[in-house]
Amino acid sequence: IEAGWPASVLKRQSDWMGRSEGAFVEFEVMAHGDSLFSCPIVDGLTSLSGHGKGRVRVFTTRIDTIYGANAIVLAAEHPVIQANIDNFSEEVATKIAFIRAENAKPTDHEAEIEKDGIDTGLRAVNPFSHEEIPVWVGNYVMMEYGTGAVMSVPAHDERDFEFAKKFGLPIRQVISEPHMEHAHHTMQAMALEVPLTVYGVLVHSDYWNGKKSEDAKKEMAEYAVKHGFGEAATTYRLRDWGISRQRFWGSPIPIIYCDTCGVVPEKFENLPVRLPENAPITGTGESPLAKVPEFYETTCPKCDGPAHRETDTMDTFVDSSWYFFRYLDPTNEDMPFDIEKAAYWAPVDQYIGGDDHAVMHLIYARFWSKVMRDMGLVTFNEPVKRLLTQGMVVGETFFDDETGKRVYYPAADVTVERDAKGRLTSAVNAESRQLKHAIERMSKSKGNGVDPDEMVEIYGADAARLFVMFAAPIENELVWHEAGIEGAVRFLQRVWRLVYKWESVLNCHALQSVEKEPQNVPEGREATEAGSSPADAGSRDMKGDANPALKSGAIHPSGGIDRRLRQKTHQTIKRVSDSFESLQFNTPVAALMELSNAIGDVEFDGADEETVFAVREALMSLVLMLTPFSPHTSEELYSILVGNEDGILANSARFPEFIEEMAKADEIEIPVQINGKLRSRVMAAPETSNEELEKLAFADEKVREFTDGKEVVKVIVVPKRLVNIVVK
RNA sequence: GCCGAGGUGGCGAAAUUGGUAUACGCACUAGUCUUAGGAACUAGCGUCGAAAGACAUACGAGUUCGACUCUCGUCCUCGGCACCA
């Protein structure tokens with residue numbers, strides 16, 4: 001899917017999954033002196049060694065640094081810590097309890113948490129060096145990731161470095177940068193200013209000295225396997241997805257609990273399980289369905305004995321993970337969807353959604369498809385071929401956070417002052433209280449939302465839509481300011497007036513007979529004859545006209561207004577078509593505005609037939625190309641242009657087609673630079689040869705001013721683009 | 001802190017992918033028409049300058065005949081992640 005998905009989204013998904021490759025290594029752990037120690041055996045976290053001693057498993061991505069380990073550090077929640085809490089000194093136990101309490105608090109992402117921890121008094125043995133090192137508890141080790149235990153190598157890890165500095169633990173360098181290799185061989189433990197976290201060459205590592213990190217990682221993991229204290233491993237940061245919710249709405253989970261049979265899935269023929277019509281919303285956190293006996297009381301599908309249903313419902317992310325498949329076959333009573341229908345329609349060609357769904361929803365959807373693939377329901381790996389993440393429309397918010405909690409005030413109730421650059425300098429609420437401000441995604445509670453109904457009421461649906469498309473590239477975040485929307489209204493009104501202005505001379509009713517003819521045009525562009533201009537019905541029905549110059553494809557020889565307008569029309573068709581192809585929607589609106597400006601420049605009084613034809617083509621093209629942006633206006637204007645009320649679809653109108661010959665300019669402007677600086681411009685036909693262009697440039701008066709008496713070193717001619725003369 | 005995106009007029013933004021910087025629109029200024037205009041139309045609108053011209057795409061270097069675009073460095077803004085071993 002790399003071809004169709006933004007790299008940034010895939011990167012974020014990859015980070016979210018957080019694959020990391022390393023190794024598990026087991027350290028023998030024992031009591032120190034005559035204190036007590038018990039080692040609970042927890043699968044994956046601890047084990048028994050051959051000597052009957054307990055071992056703690058750590059996860060590391062840098063097994064090559066193991067000779068630099070000065071301690072192993074466990075999470076406060078680690079089972080070994082919990083099992084020995086009564087064996088520890090009071091000081092240690094208190095510290096552990098404190099860290100646990102701190103860990104349980106919701107994390108404040110603003111402040112960096114200071115490293116904290118304590119030596120438990122336990123000891124561990126480095127399985128490579130057989131060195132005895134202390135066992136610490138550290139607040140920076142999380143029980144949720146890896147094994148909840150790490151080896152601390154301060155010389156080569158930022159966090160361990162900080163921890164060691166704080167508690168005065170030894171810092172021993174065991175990796176040297178490749179180019180420093182020889183210098184370090186003789187070096188004693190060196191005082192590092194910062195941890196060296198890059199790969200290098202092993203030093204102070206006995207047998208492994210001189211090996212490259214990459215090789216050592218592999219070989220040391222193999223060594224651990226051979227000696228039974230570890231192995232290479234891959235871990236993920238991906239968190240579990242708990243799909244049950246205590247809500248009334250949501251898909252029921254088709255599971256039944258039977259006292260005799262245990263957890264039993266509902267029978268296939270009883271699916272889907274339907275929600276009751278009503279359920280009390282309790283507000284207590286318990287599922288509302290648990291209050292509806294008619295719903296949960298049932299019989300066991302296995303033994304027919306009394307049983308009860310699961311009363312939690314599924315997270316809405318479950319539904320959004322595969323709704324696009326259900327939409328293909330929404331009335332299917334027997335299956336989620338018909339397999340063949342899905343095979344025909346899916347995967348989704350183009351998906352459009354907010355940037356905020358880059359991880360959760362889109363990861364779940366991809367995951368779900370893979371599950372369905374494994375079940376044989378779909379035949380592909382990925383649900384979506386192309387993804388467009390559109391930026392959100394956001395708004396200014398005003399709030400007061402004196403009390404520690406943000407109290408929002410709707411923009412309508414806030415008096416703001418802005419400086420010359422439009423930056424906000426002051427915001428005051430009705431009680432003259434200074435407010436803070438921010439730009440945030442729209443929400444009711446923040447009072448920064450825009451009511452679409454209100455926008456439609458004031459400006460109309462077409463103008464509102466057009467403006468949103470025009471204001472910024474689709475993937476940009478758009479800060480909502482109403483100021484620009486008037487421009488969209490004006491533009492649509494201008495187009496409207498243009499159509500009505502030309503209506504009388506465009507001879508619309510004459511077209512009607514032709515338009516009414518059956519056109520039997522099936523879908524697909526191939527149906528359109530090459531060379532004809534469906535840009536407007538006009539080109540077709542004027543074929544029989546006395547004036548052959550109006551035949552489509554015929555280029556009027558004059559450089560008159562009609563010729564220029566037709567050029568503009570076809571250039572615009574190209575620009576708009578290309579933009580749609582690359583999912584750009586702001587620049588085509590600009591192109592359409594330019595076209596309407598060009599039509600506006602055409603003199604109405606005394607317009608000849610050629611001009612009327614050009615205007616008809618331009619207006620028809622304009623109106624049709626506007627359809628995606630302002631469908632209602634386009635429908636209305638199309639009716640005027642075509643002279644009937646059947647509408648765009650019934651008239652088999654289609655997107656105007658670009659004719660290259662029409663778009664080609666008779667003459668183009670060629671800038672002339674002297675030493676890279678623009679000095680003049682010359683006009684030339686597009687097919688003018690390089691030699692001719694050079695001649696034209698040198699013939700230019702302005703150019704001679706700059707070249708006379710100077711030595712011409714070089715002349716660069718870019719065909720159809722420019723001439724650059726280098727002089728000395 | 002790490003990762004990512006970005007920085008162009010008063011504002012939203014264009015720039016055919018290395019070839020006329022600022023298209024289109026908003027705002028603003030002047031004028032025309034009008035009983036009126038918050039309508040429409042005309043003209044102007046990067047900075048300095050009377051003009052010729054000079055200088056301008058965050059800042060500083062570089063590559064090139066030519067750089068908003070490519071390379072290196074610095075600063076700043078926004079977004080994501082957050083002690084991930």
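What's counted below: heavy atoms across the whole structure, side chains too, no hydrogens, waters or symmetry copies. Below, read A as the first sequence line, B as the second, and so on, with proteins coming before strands; counting in each chain starts at 1.
Within 4.0 Å (heavy atoms only), A:M593 reaches sugar-phosphate atoms of the nucleic acid but no base atom. Nucleic acid contact class of A:V479 (heavy atoms, under 4.0 Å, all strands): none. Among the protein residues, A:E669 comes within range of the nucleic acid bases, having at least one heavy atom under 4.0 Å from a base atom. Heavy atoms of A:D160 sit nowhere under 4.0 angstrom from any nucleic acid atom. Nucleic acid contact for A:G18: none, since no nucleic acid atom lies under 4.0 Å from a heavy atom of the residue.
Two residues are said to be in side-chain contact when any heavy atoms from C-beta on lie closer than 4.5 Å; A:F491 and A:S630 fail this criterion. Under the 4.5 Å side-chain criterion, counting only non-hydrogen atoms from C-beta, A:D700 is not in contact with A:R679. Side-chain contact between A:V135 and A:H78 is absent, with no heavy atoms from C-beta onward closer than 4.5 Å. In this structure, the side chains of A:M220 and A:V25 stay at 4.5 Å or more apart for every pair of heavy atoms.
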* To do: Apply side-chain contact (heavy atoms from CB on, under 4.5 Å) to the pair A:F98 and A:D116, showing each step before the final yes or no.
  => CA-CA 10 Å; A:F98 174 76; A:D116 198 4; 3.9 Å; yes

* **Test log, rule side-chain contact (heavy atoms from CB on, under 4.5 Å), inputs A:S20 and A:T234** => CA-CA 6 Å; A:S20 73; A:T234 304; over 6 Å; no

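A donor-acceptor pair under 3.5 Å links the side-chain atoms of A:T569 to the main chain of A:L565, judged by distance alone. Judged purely by atom type and a 3.5 angstrom limit, A:T65 has no side-chain atom pairing as donor or acceptor with the backbone of A:G68.
Atoms NZ (A:K677) and C1' (B:A54) sit 7 Å apart, rounded to a whole Å. One interatomic measurement links the two molecules: CG of A:D356 to C1' of B:C81, which rounds to 16 Å at whole-angstrom precision. Atom CZ of A:R490 is separated from atom C1' of B:A39 by 10 Å (rounded to the nearest Å). Atom P of nucleotide B:G80 and atom CD of A:E477 are separated by 9 Å, given to the nearest angstrom. Here B:A40 presents its P atom at 17 Å from CG of A:D601, a figure rounded to the nearest Å. Atom P of nucleotide B:A14 and atom CG of A:N476 are separated by 7 Å, given to the nearest angstrom. Atom NE2 of A:H481 and atom P of B:A13 are 11 Å apart (whole Å). Spacing between atom CZ of A:F467 and atom P of B:A13 amounts to 10 Å, rounded to whole angstrom units.
With a 3.5 Å limit on both pairing distances and Watson-Crick or G-U wobble geometry required, the stems of 3 or more pairs in RNA chain B span B:1-7 with B:75-81, B:10-12 with B:24-26, B:28-32 with B:40-44, B:46-48 with B:53-55, B:58-62 with B:70-74.
Remark: the separation of the C1' atoms in B:G73 and B:A56 is 22 Å, to the nearest Å. Distance check on atom P: B:G25 versus B:C76 gives 38 Å, rounded to whole Å. Comparing B:C68 with B:G62, their P atoms are spaced 15 Å from each other, to the whole Å. A distance of about 47 Å separates the P atoms of B:G66 and B:G31, rounded to the whole Å. Using P as the reference atom, B:G4 and B:U74 are 15 Å apart when rounded to the nearest Å. Rounded to the nearest Å, the gap between the P atom of B:C48 and that of B:C81 is 45 Å. B:C3 and B:G9: their P atoms are spaced 29 Å apart (whole Å). The gap from the C1' atom of B:U47 to that of B:C2 amounts to 40 Å, rounded to the nearest Å.
Annotation for A:K501: atom NZ counts as buried by contact number, over 12 foreign heavy atoms lying within 6.0 Å.
Contact of A:K11 with B:C3 (side chain to base): no donor-acceptor pair of N or O atoms is detected under 3.5 Å.
Because its NZ or CZ atom is both nearer than 6.0 Å to the ring centre of A:Y140 and within 45° of the ring axis, A:K115 counts as a cation-pi partner of that residue.
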* Asked: Taking protein heavy atoms under 4.0 Å as touching, what does nucleotides 62-67 of chain B look like 5' to 3' if B marks base contact, S marks sugar-phosphate-only contact and - marks none?
  -> ---B--

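Of the candidates B:G80, B:A40, B:A21, the closest approach to any side-chain atom of A:R12 belongs to B:G80. Picking from B:C83, B:A21, B:C24 the nucleotide with the shortest atom distance to the side chain of A:E594 gives B:C24. Proximity note for A:F470 (side chain, C-beta onward) versus B:U20, B:G12, B:A15: the nearest is B:G12. The listed nucleotides are B:G12, B:A85, B:C24; the one nearest the side chain of A:A471 is B:G12. For A:R721, counting side-chain heavy atoms from C-beta on, the closest listed nucleotide (B:A14, B:G19, B:C24) is B:G19. Ranking B:A85, B:C24, B:C83 by closeness to the A:Y145 side chain, first place goes to B:A85. Of the candidates B:C24, B:C41, B:U16, the closest approach to any side-chain atom of A:A590 belongs to B:C24. The side chain of A:D15 lies closest to B:C3, out of B:A39, B:C3, B:G12. Among the nucleotides B:A85, B:A27, B:A13, the one closest to the side chain of A:T60 is B:A85. Nearest nucleotide to the side chain of A:R679, out of B:A23, B:G80, B:A54: B:A54.
Applying the 4.0 Å criterion to OP1 and OP2 of B:A85, one finds that A:S20 has a side-chain N or O inside that range. For the OP1/OP2 pair of B:G53 and a distance below 4.0 Å, the side-chain nitrogens and oxygens of A:K702 include at least one atom meeting the criterion.
Ranked by how close their nearest RNA chain B nucleotide is to the 5' end, A:N597 and A:S8 are led by A:S8. For A:R497 and A:N586, each mapped to the nucleotide of RNA chain B holding its nearest heavy atom, the one lying further toward the 5' end belongs to A:N586.
Residues A:F629 and A:F580 place their aromatic rings such that the two centres sit under 6.0 Å apart.
Syn is the classification of B:U17, since its glycosidic angle stays within 90° of 0. Regarding the sugar-base torsion, B:G9 falls in the syn class, its angle being within 90° of 0.
Atom NZ of A:K217 and atom OG1 of A:T60 lie 8.0 Å apart (nearest 0.5 Å).
With A:D462 as the partner, the side-chain contact (heavy atoms from CB on, under 4.5 Å) test is satisfied by one option alone out of A:L626, A:T633, A:V489: A:T633.
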